[in-house]
Amino acid sequence: MSGRYRPDESALPGQLWRTIHLVSLLLLTPAYSYRRFQTNRDLSSLVPINFVTHAGVSLTSACFAHGIFEDSRAEKCISNLLAAQFRRFIVDLYWDPSSRQFMFCPVSINSVSRSLHSGSLPLLPNTARSRRVPNLSLSKRAEGTTLAFETLRPRWNFARRGGLRYNVRQATSSIVENALDDTARTSESSTTAAVPVATSTDPSGTTMDDIGPAQCSPTLNLSFFASLIMDYINNTPTSLNANLLFLQFNVHAADSEDASTNPAVAVSGPDLPSPTELVGNVLDAVASSFSYQPSELLNHRVNLNDSWYATGASEQPVSEYFTTETFPGGQSTPDGWPSERFVELQRLKRVLLGWGIVHRRMEDYDFTGDSDVVFPQDYLLSSTDVRPNSTEQPAPACFFNVEQESVGRHNSSWAVSFLNENSASGGSLDKLQSLANNLTSCGIAPILNVTLNNQTADQNSSQYVQFVQSTIWNWAQDEPRNFSTSDANGRDNESTQGQFRCALMDTSTASTSGRWRVEYCSMHHRVACRTANQPYLWQLSDESVPFSEAEVSCKPNSSFSVPRTALENTYLYHHILSISEAAQSNLSGDGSGVWLNFDSLDTEACWIANRQNGSCPYFDEEALRQRTVLVPVIAALVVLLLTALTLFVKCNKNRRNSRKRVRGEGGWDYEGVPS
């Protein structure tokens, strides 16, 4: 069975686009709530992807927490998470030697109906040890920078149905497993008779095998997931709605149904996946066309002049985020990553694949066979510890340090933190949202590793949408508001400089805490200026000026700019807070706030940074000029169609009323019209 991208309406961050179709005509208008996500993506589009924070989620926690592994539910759940704008996915895969496929179900589906045999093979200790996959010769962090990994153990809350009860075994998923000694245990050879498989039927009519602690569909496998991702990519093909996804795979071996009495053995020899059954090969449809691969990264790093720098200056990644080395005829980098704009628009790629946790029972898996497609273990993830403190606000690790303003001194490359029930008291949504917001501001991507209110994303997608929205670091609540022809005081917006189309960092109250709002462009405010193009060095203009004069108000060796990441925004906000009280009194101008180089002066609702070519990149100018003509034409055609339908119904009614009954010979009645 193939998976399809079919999200619930409630999972979408507002209606993404309002569309009007007429023959071959398609008009697109961005909806308010989606503009907030689009702002996040567009601002960071030139920042190397390893320094951009995205909300992530464990599929085991968000979709399979109740032990139900069924196609339609999984399809709905994963679709909802994609629509909610999760960008990083932790995927637990279980190799089932009996069915020869990677499954989402942790229990071997065919093991119950066949004879089980365990020979003198090494057995897994009570708590498994992780095995690291050999790294590529790539450097992902600055030298001397290490981040501690956190041990997390979320639990599945298996709900048994249909009167079937089993001994529920604790399982681990999407976690960094404890390392124990290498001593393997062996068991005596034993043979068990075949056991009939208990089944249950889902409300949708799907039959599932009730095996051990889970209910499993035999078709919910890696191929199903790959086809769903492909359908998502095909349904989001434009620069308006395309996003880059990061898929990290944890590899486990499926257990037998009676694992509590018959300990699982290591997978070896012919039971291991063959070359055609490797993860990279199964994901071929995605990997071959749409994944940015390790070999590409290595080739692009060797000569930047032929790769990332081969585009125009305005399209090149921000080089201050990585180390560059000069050689005759070009430049190279030992640790750089491309920007999302380069990956999506230049390379036309949408996915990066990486290894996560490798269960010791799968240590003989052929990782070399996937090395051209899948990045090494933890290469796209660097976990940092987050622990709650005694107050309501947890105390996360933070890469903001007022005394360290260079990228190399506090390297937040690929920094993430897994959030579970222990991360916030009781795992409540409000506290998890607050923690996710704090982590994002600190340059750390939050990975949701808990089932919100014990409901999976197919049962209640809205709370997962709320979690992702808490990672929006720029616009304040209900922003950006649309401009209007006049405000509440009747001020006219006839000139472009008077329109409600310029962005301001609001410092008026503690609740805004560096968030942005729209402002009349004619107002006077001080200006945010980036120093020497450094990500975390900011200064303010001496004078308050209207937006039109902001560019020339910055001091030498600085330029009018806008934060591109959450951590850059945090540095700017704290720089504003750090200025003296005397300077604070001059900060207000026409109200508290600082101009940012972000506006929609060219096109309504199209916000662009640093006046990129001065025009909106999402709309065709000729189409925009025709828009005022096309919309009335469409409206007129709709009215004409409704009028025609009304006349048709009225004429048909009159015709029926004009008939009369006539008695014929033999007493028969028939309908006729007067002659």
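Throughout, residue positions are numbered sequentially from 1 according to the sequence presented. Please read all numbers here as calculations on a predicted model, not as lab measurements.
- Nearest heavy atom pair, residue Asp542 against residue Arg526, reads O-NE, 4.1 Å.
- Checked by atom type, the side-chain pair Asp335/Thr333 shows a donor-acceptor distance below 3.5 Å.
- Of all heavy-atom pairs between Leu540 and Ala528, the closest is CD2-CA, 4.2 Å.
- Under a 3.5 Å cut-off, the side chain of Gln248 and the backbone N or O of Arg88 do not form any donor-acceptor pair.
- With hydrogens and angles disregarded, a donor-acceptor distance shorter than 3.5 Å links the side chain of Glu344 to the backbone of Leu244.
- Shown here for Gly56 and Phe467, the closest heavy-atom pair between the two residues is O-CE2, 4.5 Å.
- Atom CG of Asn533 and atom OG of Ser561 lie 7.5 Å apart (nearest 0.5 Å).
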Decide yes or no on side chain to side chain contact (heavy atoms under 4.5 Å, CB included) for Leu297 and Tyr292, but give the supporting numbers first. CA-CA 8 Å; Leu297 176 64; Tyr292 186 74; 4.0 Å; yes
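- The closest side-chain heavy-atom distance from Cys521 to Phe500 is not below 4.5 Å.
- Using a 4.0 Å cut-off between charged side-chain N and carboxylate O, Arg515 and Asp506 make no salt bridge.
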Test side-chain hydrogen bond (donor to acceptor under 3.5 Å, both in side chains) on Asn241 and Thr238 and set out the steps. CA-CA 6 Å; Asn241 54 16; Thr238 71; 3.1 Å; yes
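- Expressed to the nearest 0.5 Å, how far OG of Ser10 lies from CG of Asn80 amounts to 6.0 Å.
- Thr236 places a side-chain N or O within donor-acceptor distance of the main-chain N or O of Tyr232, the cut-off being under 3.5 Å.
- Between the side chain of Ser434 and the main chain of Lys431, no donor-acceptor pair closer than 3.5 Å is present.
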Show, in sequence, the C-alpha distance, side-chain angles and deciding distance for His300 and Phe342, and conclude whether the ring-ring contact (aromatic ring centres under 6.0 Å, His included) test is met. CA-CA 11 Å; His300 292 161; Phe342 175 84; 5.4 Å; yes
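- Taken from CD in Gln433 to CG in Asn438, the straight-line distance is 12.0 Å, to the nearest 0.5 Å.
- By the 4.0 Å N-to-carboxylate-O rule, Arg347 lies close enough to Glu296 to be salt-bridged with it.
- A pairwise comparison of heavy atoms in Ala609 and Leu43 identifies CB-CD2, 3.9 Å as the closest pair.
- A donor-acceptor pair is defined here as one N or O able to donate and one able to accept, closer than 3.5 Å; no such pair exists between the side chain of Ser61 and the backbone of Ser58.
- Side-chain contact between Leu46 and Gln316 is absent, with no heavy atoms from C-beta onward closer than 4.5 Å.
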Please walk me through it: do Ser45 and Glu340 pass side-chain hydrogen bond (donor to acceptor under 3.5 Å, both in side chains)? CA-CA 5 Å; Ser45 63; Glu340 182 168 354; over 6 Å; no
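- In this structure, the side chain of Trp595 does not engage the main chain of Phe560 through any donor-acceptor pair within 3.5 Å.
- A salt bridge is defined here as a Lys NZ or Arg NE, NH1 or NH2 lying under 4.0 Å from an Asp or Glu carboxylate O, and Arg530 with Glu320 fails to meet this definition.
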List the steps, then state whether side chain to side chain contact (heavy atoms under 4.5 Å, CB included) holds for Trp538 with Tyr571. CA-CA 8 Å; Trp538 295 91; Tyr571 269 94; 4.2 Å; yes
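- By the 4.5 Å heavy-atom criterion applied to side chains, Phe399 and Ile444 are counted as neighbours.
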Report the C-alpha distance between Asn453 and Gln463 in whole Å, list the side-chain angles of each, state the deciding distance to 0.1 Å, and finish with yes or no for side-chain hydrogen bond (donor to acceptor under 3.5 Å, both in side chains). CA-CA 9 Å; Asn453 293 322; Gln463 55 192 348; 2.8 Å; yes
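- Looking at Arg501 and Glu519, no side-chain N of the basic residue comes within less than 4.0 Å of a carboxylate O on the acidic one, giving no salt bridge.
- Two residues are said to be in side-chain contact when any heavy atoms from C-beta on lie closer than 4.5 Å; Val468 and Gln466 fail this criterion.
- Panel note: side chain Arg41, backbone Asn243; no donor-acceptor pair is recorded below 3.5 Å.
- A distance of 5.5 Å separates CG of Leu247 from CG of Leu353, quoted to the nearest 0.5 Å.
- Scanning for salt bridge (Lys or Arg N to Asp or Glu O under 4.0 Å) contacts around Arg564 gives Glu568, with sequence neighbours left out.
- When side chains are defined from C-beta on, Val318 does not count as touching Ser339, because their heavy atoms never get closer than 4.5 Å.
- Panel note: side chain Tyr464, backbone Leu452; a donor-acceptor pair is recorded below 3.5 Å.
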Between Val527 and Glu551, does a side chain to side chain contact (heavy atoms under 4.5 Å, CB included) hold up when you go through it step by step? CA-CA 8 Å; Val527 179; Glu551 188 70 46; over 6 Å; no
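- The side chain to side chain contact (heavy atoms under 4.5 Å, CB included) with Trp414 is formed by just one residue from the set Ile49, Asp378, Leu381; it is Ile49.
- The shortest side-chain heavy-atom distance between Met523 and Phe547 does not fall under the 4.5 Å cut-off.
- Taking 4.5 Å as the limit, every side-chain heavy atom of Thr565 sits out of range of all side-chain heavy atoms of Pro535.
- In this structure, Asp599 contributes its side chain and Leu601 its backbone to a donor-acceptor pair below 3.5 Å.
- No more than 12 heavy atoms of other residues, nucleotides or ligands sit less than 6.0 Å from atom CD of Glu543.
- In this structure, Asn474 contributes its side chain and Thr39 its backbone to no donor-acceptor pair below 3.5 Å.
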Apply ring-ring contact (aromatic ring centres under 6.0 Å, His included) to Trp607 and Trp516, showing your working. CA-CA 13 Å; Trp607 290 84; Trp516 307 355; 9.1 Å; no
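- Side-chain atoms of Ser600 and Asp602 form no donor-acceptor pair, as typed in the model, at a separation below 3.5 Å.
- Taking 4.5 Å as the limit, some side-chain heavy atom of Thr440 sits within range of a side-chain heavy atom of Pro446.
- The two atoms that bring Ile576 and Val594 nearest to each other are CD1-CG2, 3.6 Å, heavy atoms only.
- Atom CZ in Phe327 sits 5.5 Å away from atom OG in Ser332 (nearest 0.5 Å).
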What do the steps show when you test Phe51 against Ser412 for side chain to side chain contact (heavy atoms under 4.5 Å, CB included), and what is the final call? CA-CA 6 Å; Phe51 284 99; Ser412 61; 3.4 Å; yes
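- For the 3.5 Å distance criterion, the side chains of Asn610 and Asn597 qualify, holding a donor opposite an acceptor.
- Taken to the nearest 0.5 Å, the OG atom of Ser413 stands 8.0 Å off from the CH2 atom of Trp337.
- Taking each heavy atom of Ala11 and Val465 in turn, the nearest pair found is O-CG2, 3.3 Å.
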